[in-house]
Amino acid sequence: MTNASRDASRLGAREGLYPRVLGVRFVLLPRTLRLMHGRSGRQTYRGEAKVERGSGLWSRLFARIVRLPAAYAGPIEVEVVAGPRGETWTRRFGKSRMRSRLAGRDGLVLERLGPMRFAFALEPVGEAPEAALARTVSAHTGDSITVSSAALPAAAMGAPTSYGIAGQADEDGIGNEPGLVWRLMRVRAFGLPLPAGWFARVQAREFEREGRYHFEVDAQLPGVGLLVRYRGWLDVGE
């Protein structure tokens, strides 16, 4: 067992997709992200979302194949079923439904969406919570571990300390909230690998703002333009 795995085990991070993938870095996430990604079983969350869709022929064809949601603004419901082998996310945007299956492998999160398979690296960014920045964290066993030795700061991993969709601040002019950036590493369609350059403008992040869980996704393809852009928030409880 590696040092990171041993530390994650002491933190009770043996179960759950995100604790397994992130290891000790999981404790660096804001409270709402730890709540969202630290629970097991079936959970349902509600909030608000806005979906924008590309209008071109190829954009609409790709969106149909991948089963992307229609343009929408209003309430959203997200059902997450988390188990030892991964998670199933069902997002309901009004009458549209988008379902994906997530699993972990080799330190990456693999997402299956229709015939597409995406591999993401998760990078904590922004200012970490105060509790996570302490030198030690007490586990349920009474042991203490050093977080700073196992959790690399975002800058050390090559991640920006502030971020936004397409590298810009969001519509409120704020883009440096603490959270996770999803870096797309590989893509497969119908089992065949696709050039990573095609998906350079597929960007996603989740973050905490004013004590609430937020998400932003922006997917564009060269020569095709916008596929889908959606953002919103969820009430994840306490």
Side-chain angles (χ1 to χ4, degrees), residues 2 4-5 8 16-23 25-26 33 37 51-71 78 80-91 93 96-125 152 154 156-160 163-168 179-207 215-231:
T2 65
S5 297
L17 171 61
Y18 292 82
R20 287 199 307 271
V21 170
L22 290 168
R25 292 181 299 161
F26 185 77
L33 271 69
H37 298 310
V51 181
E52 301 172 63
R53 280 274 302 273
S55 58
L57 174 62
W58 288 108
S59 174
R60 288 186 281 114
L61 178 61
F62 187 91
R64 181 181 293 272
I65 293 173
V66 183
R67 303 167 191 169
L68 296 177
V78 178
V80 180
V81 181
R85 295 187 177 181
E87 300 183 359
T88 300
W89 285 54
T90 304
R91 310 158 184 87
F93 303 87
S96 296
R97 186 182 75 164
M98 183 171 69
R99 184 179 182 183
S100 62
R101 176 69 180 172
L102 287 79
R105 182 183 302 168
D106 301 327
L108 301 177
V109 170
L110 310 182
E111 182 174 24
R112 185 176 69 215
L113 189 61
M116 306 293 291
R117 304 292 185 271
F118 303 92
F120 293 95
L122 303 186
E123 298 178 355
V125 296
L152 295 175
M157 297 185 295
Y163 55 91
I165 292 298
Q168 301 295 325
L180 278 175
V181 166
W182 292 55
R183 303 290 185 193
L184 185 58
M185 309 300 288
R186 299 191 301 270
V187 183
R188 286 180 174 270
F190 301 98
L192 300 176
L194 299 179
W198 289 4
F199 300 89
R201 298 192 65 183
V202 174
Q203 303 183 42
R205 67 165 177 150
E206 48 187 307
F207 57 96
F215 56 88
E216 291 183 347
V217 176
D218 189 318
Q220 302 183 46
L221 291 182
V224 175
L226 177 68
L227 296 178
V228 68
R229 179 185 298 118
Y230 62 90
R231 64 174 65 198

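This structure is a prediction, so every number in the text was calculated from the model and none was measured. Basis for what follows: all heavy atoms, side chains included, without hydrogens, waters or symmetry-related copies.
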Intermediate values then yes/no, side chain to side chain contact (heavy atoms under 4.5 Å, CB included), T90 and V78: CA-CA 6 Å; T90 304; V78 178; over 6 Å; no
Results of side chain to side chain donor-acceptor pair (under 3.5 Å) for R101 - residues two or more places apart only: T88
Which residues share a side chain to side chain donor-acceptor pair (under 3.5 Å) with W89, sequence neighbours left out: E87
Test item: E206 and L33 side chains (from C-beta on) under 4.5 Å apart, heavy atoms: yes
F120 vs R186, side chain to side chain contact (heavy atoms under 4.5 Å, CB included): CA-CA, chis, key distance, verdict: CA-CA 7 Å; F120 293 95; R186 299 191 301 270; over 6 Å; no
ring-ring contact (aromatic ring centres under 6.0 Å, His included) against F118, all qualifying residues, sequence neighbours excluded: none
Any donor-acceptor N/O pair, R53 side chain to P69 backbone, under 3.5 Å: yes
Heavy atoms of other groups near R67 CZ, more than 12 under 6.0 Å: no
Donor-acceptor pair, side chain of R85 and main chain of A82, under 3.5 angstrom: no
Any residue meeting side chain to side chain donor-acceptor pair (under 3.5 Å) with S59, in chain and number order, not counting sequence neighbours: none
Rounded distance (nearest 0.5 Å) linking atom CG of L17 with atom CZ of F26: 10.0 Å
Donor on one side chain, acceptor on other, E123 and W182, under 3.5 Å: no
Output field: ring centroids Y230/F93 closer than 6.0 Å: yes
Spatial distance of atom CG (L192) from atom CZ (R117) [nearest 0.5 Å]: 11.5 Å
Criterion side chain to side chain contact (heavy atoms under 4.5 Å, CB included) on L108 and M185, from CA distance to verdict: CA-CA 9 Å; L108 301 177; M185 309 300 288; 4.2 Å; yes
Sole residue of R229, R231, R205 in side chain to side chain donor-acceptor pair (under 3.5 Å) with D218: R229
Distance-minimising heavy-atom pair for L113 and S100: CD1-CB, 3.8 Å
Inter-residue atom distance L180.CG - Y18.OH, 0.5 Å rounding: 8.0 Å
Residues in salt bridge (Lys or Arg N to Asp or Glu O under 4.0 Å) contact with R91, at least two apart in sequence or another chain: E111
Point-to-point distance, once rounded to the nearest 0.5 Å, from CG of L102 to NE2 of H37: 9.5 Å
Distance-minimising heavy-atom pair for V217 and A204: CG2-CB, 4.0 Å
Contacts of type side-chain contact (heavy atoms from CB on, under 4.5 Å), residue L194, not counting sequence neighbours: M116, V187, A189, W198, F199
